[in-house]
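See structure below.
First the proteins, then the strands, lettered A, B, ... as listed; each starts at 1.
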Amino acid sequence: MMLLSKYLLPTLKEIPREVEIPSHQLMIRSGIMRQLASGIYEWLPLGLRVVHKVEDIVREEMNLIGGQEVSLPAMQPRELWEESGRWDFYGKELIRLKDRNKRDFCLGPTHEEVITDLVRGEVRSYKELPLLLYQFQTKFRDEIRPRFGVIRAREFYMKDAYSFDATDKNAETSYNNVFGAYCKIFQRCGLKFRSVEAQTGAIGGTFSHEFMVIAEAGEEIMVSCKCGYAANLEKAECLPPPKTERKRSGLKKLEEVETKDMKTVGEVGKFLKEKPDKFIKTLVYKIDSECVIVMIRGDHEVNESKVKSYLGVNEIFLADEKTIEEVTGAPLGFAGPVGLKVKCKLLADYSVEGIVNGITGANKKDYHLRNVNMSRDFEVDKVLDLRKVKEGDACPKCGKRLEFSRGIEVGHTFKLGTKYSEALRATFLDKQGKEKYFVMGCYGIGVSRIVAAAIEQSHDQHGIIWPLPIAPFQVLILPVNYEHEKTRAISDRIYEQLESAGQEVLMDDRDERAGVKFKDADLIGIPIRVTVGEKTLAKNMVELKLRGEKEVREIQPDQVQKLITELMKEKED
RNA sequence: CGGGGCGUGGCGCAGCUUGGUUUAGCGCGCUUGCUUUGGGAGCAAGAGGUCGUCGGUUCAAGUCCGACCGCCCCGACCA
C-alpha cells in the first residue's frame, strides 16, 4: 500500500524565496522537485511519477507510428561534433569536458551526430528505410540564463527522435507522422497547445514547427492569425509595406544637421520633430571578423534570427564601440549607410525601401543626415525581411491583423534534409544501386518541461490540479482519522478495491489533523479525493471530490470503485 | 558577460548601520509528553548553526575591509 506516512513528500507551507512563476513555486512546495544548482534539479518520488506518466504517453504514441526506442550516450567525443561542424558552431551552450587523457568530449545537448553516426554504420540499404529511432535522455545545455525552474534548465529530460528516409517525399511523410503523434501526445497530456512555424536555429534544416502550451508565463511569443497562420516571433513574417511611389521630384537634397549628443531615434526625432518611421536605423553587427550593416526603419526592431538565418550563422553580436568607430568613422549613435569608412555587406529591411527623404546617422560625431534616399544616396547588397513583426501587422497569408500570445515550447519538429547525413557522409544504396544521403528529420519533446507547463496551465491558489492522464496518482484517500477503527477499515477496503481495479492510489495515513491533510491534498493536486471521516461514516457514506471542482458527493463506500471507474471513462472520452 | 540583490539550524527571516549582555535570536518544520482532532491546533520540554569560503583590520568580527564562491532578478542589442 502506498502510504503517505512513508512517502518522501516534503511539502512546504511557505512560498520559497527566489522563485517567480506559479509552476516553479508549486513544484517546490508540493515536493515534486528540489534545486541542486542553478538550472539543475532533483526529481522526488511524486514528481518522477509524473515524468514517467508523460514518458509513457510519449512512448506509446511514438511506438504507434513505428518508432523504435534506443538509448544513446550523453557523453560524446569531440571528433563527431567536428565532423558536423557543430563543435565550433554550437557556441558556449555546449558543455565541454576532458577525460583523463585530455581528450575532448561534450555533454549532448541533442543527438543528431550520434544517431547519424550509428545509422551510417549500420544501415546500408533502402530496404531498411524508413527508420524512426527515438530515446529518452537527459540533455545538457549551458543556458545563458536558466530560469523558471525546469522550464529553462541546464539539465533536462527530453525525448528526441530521428527519422531516416530514402527520399525527400518520404521524409515529409515521416515528418507528418510525427507531427500527428505529437498532437495526440499533447492532447493526451491534457494540455491546451498550438503548433507554430518556427526557425531551425542551431539544429538546422529546411523547416520546423514548435508545439506551444498556451500560458501567460511562457517565454515565447506566438504570432497568429484567424486564417490559421501561426509562427513564433522569431519566424513570424508580415506583408511588406506597400511601396511608396518615389518620384524624382519628391526627393529633397541631402543635408547634414547637427545633433549634438543625440544618439537615439527618440532623441533625434524629438529634436527634428520627425516620427521614428522617417529614420533609417543603422546597426553594425560583427560576425566572426566581418562586419555586416543592418538597416531598418526607426519604429521597427531587427529580428536577429532572420539576420542569422540569412547569413547562415549561429551567433551574431552587435559590434563594440571601437569597431563602430572603425567602420563608420563616428562614435556609437551616428551610424548611417552613407559614406562608410570600411566596405561592409549592407542589408536593408523591406521597411527601408519605402522611406522617402529619411534621416540617418552621418557617420560623423554629432551629425545626422536628412533627406536620405535608398538607391540615390547609398546602395545595399540585399533588401529582405529582417524585422520583428508587431501586433497588428498584416498576416503574410491573408493580410489580416496578426495577434500575439504567450506560450511554453514543449515540442519541436525539424525537417532536416541531408544536412547531417552529408556532413557525416551517411549514405545508403537505393534501388538502382546508387549511393544516396539519408533524408533526415528530428523531433524533440521536453518531457520535464511538460510537467511544468501542465502545472502552469492547471492550478489554483491552493495548489496543482493535475490533468488525470499525467497525475502522479489518480486517487487520494484521506481518512480524517486513520486511527479510528472503522475509518481505517473502510479506507483500507476502498484502497484495495481501487488498486485491484488498476487505479494508482495514495493513502494519507498520517497522524495529522484534518486541516493539514486537506491543505496537502489540494497542494499536490491528485484529481480524485476520497474523504473518509466519522461524520459521514455515521450515515454509512464517504465523500468524493474532484480537485478541479467544488462539488462534494456523498456515496456509499462500496460504490466508490465503480463510480471512479466511470468517472475515468468519462474523462477519457 | 554587464547591472542590482541576497547568502545566519531543514524552510522563511531578524541581528550587521554604531564590533563587546549574544551562551547567535524569532516564526514554521522536526523529536518527546499531555490536551486537542472535518481546512495548516494549544501547552510544556527538547534536538539542531564552522553566521557561504578564504584572508585582513582589531584586545575582540555574524557585524568593518578585501578577494573568491554560490543563488536570484534585470539586461544581453536598438545606433
Salt bridge (charged side-chain N to carboxylate O under 4.0 Å, His left out) with [X]: which residues, sequence neighbours excluded?
X: A:E256; answer: A:K364
X: A:K98; answer: A:D104
X: A:D277; answer: none
X: A:E274; answer: A:R370

Name every donor-acceptor pair, under 3.5 Å, that has one atom in a side chain of residues 148-157 of chain A and the other anywhere in the protein, sequence neighbours excluded.
residue: A:R152; atom: NE; partner: A:E219; partner atom: OE1; Å: 2.9
residue: A:R152; atom: NE; partner: A:E219; partner atom: OE2; Å: 3.1
residue: A:R152; atom: NH1; partner: A:E143; partner atom: OE1; Å: 3.0
residue: A:R152; atom: NH1; partner: A:E143; partner atom: OE2; Å: 3.4
residue: A:R152; atom: NH2; partner: A:E219; partner atom: OE1; Å: 3.2
residue: A:R154; atom: NE; partner: A:S38; partner atom: O; Å: 2.8
residue: A:R154; atom: NH1; partner: A:D142; partner atom: OD1; Å: 3.4
residue: A:R154; atom: NH2; partner: A:S38; partner atom: O; Å: 2.9
residue: A:Y157; atom: OH; partner: A:E55; partner atom: OE1; Å: 3.2

Handout entry: Any residue meeting side-chain contact (heavy atoms from CB on, under 4.5 Å) with A:K343, in chain and number order, not counting sequence neighbours
Key =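 For A:K343, no residue satisfies side-chain contact (heavy atoms from CB on, under 4.5 Å) once neighbours in sequence are set aside.
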Exercise for the section: Please list, chain by chain and in numerical order, all residues satisfying side-chain contact (heavy atoms from CB on, under 4.5 Å) with A:E301, sequence neighbours excluded. Expected result: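 Testing A:E301 for side-chain contact (heavy atoms from CB on, under 4.5 Å), a comparison that skips the adjacent residues, returns A:K388.
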Problem - Close approaches to RNA chain B from residues 264-277 of chain A, in residue order (heavy atom, under 4.0 Å) - result: A:T264, A:V265
Give me the distance, rounded to whole Å, that separates [N] from [M] when you measure between the [atom1] atoms they each carry.
N: B:rA44; M: B:rG38; atom1: C1'; result: 27 Å
N: B:rG7; M: B:rG15; atom1: C1'; result: 15 Å
N: B:rC26; M: B:rA14; atom1: P; result: 16 Å
N: B:rG25; M: B:rG62; atom1: P; result: 14 Å
N: B:rA61; M: B:rU17; atom1: C1'; result: 15 Å
N: B:rC74; M: B:rU18; atom1: C1'; result: 34 Å
N: B:rG52; M: B:rG33; atom1: P; result: 36 Å
N: B:rC54; M: B:rU50; atom1: C1'; result: 13 Å

Exercise for the section: Establish, for the pair A:R96 and A:W87, whether the NZ or CZ atom is under 6.0 angstrom from the six-membered ring centre and no further than 45 degrees off its axis. Expected result: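 Checked: cation-pi criterion met.
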Looking at every strand, decide which applies to [X] at a 4.0 Å heavy-atom threshold: base, sugar-phosphate, or nothing.
X: A:A37; result: sugar-phosphate
X: A:A330; result: nothing
X: A:I324; result: base

Go ahead and name the base partner of [N]; Watson-Crick or wobble counts if both distances stay under 3.5 Å, otherwise write none.
N: B:rC54; result: B:rG66
N: B:rG33; result: B:rC43
N: B:rG19; result: none
N: B:rC71; result: B:rG5
N: B:rC77; result: none
N: B:rC13; result: B:rG25

Problem - Toward the 5' end of RNA chain B, by each residue's nearest nucleotide, A:F334 or A:R147 - result: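 It is A:R147, whose closest nucleotide lies nearer the 5' terminus.
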Practice task
Could you check A:K92 against A:F148 and say which one's nearest nucleotide on RNA chain B is further toward the 5' end?
Solution key: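 Looking at the nearest nucleotide for each, A:K92 comes out on the 5' side.
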Completion exercise
5' to 3', nucleotides 25-44 of chain B under a 4.0 Å protein heavy-atom cut-off (B base, S sugar-phosphate only, - none) gives --BSS------BSBBBB---
Exercise for the section: Could you check how far CD of A:Q25 sits from C1' of B:rC72, rounded to whole Å? Expected result: 13 Å
Practice task
Using whole Å, report how far CD1 of A:I40 lies from P of B:rC71.
Solution key: 8 Å
Handout entry: Atom pair CG/NZ of A:L478 and A:K517 - distance to nearest 0.5 Å
Key = 6.0 Å
Practice task
Look at A:D520 together with A:K13 and state whether they make a salt bridge at an N to O cut-off of under 4.0 Å.
Solution key: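 No, A:D520 and A:K13 are not salt-bridged.
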Handout entry: A:R488 and A:E483 ion-paired at < 4.0 Å
Key =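 Yes, charged N to carboxylate O under 4.0 Å.
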Practice task
Respond yes when some side-chain nitrogen or oxygen of A:R145 is under 4.0 Å from OP1 or OP2 of B:rC73, and no when none is.
Solution key: yes
Exercise for the section: For the side chain of A:E304, starting at C-beta, report the closest nucleotide among B:rG75, B:rC71, B:rC77. Expected result: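 Per side-chain heavy atoms of A:E304, the pick is B:rC77.
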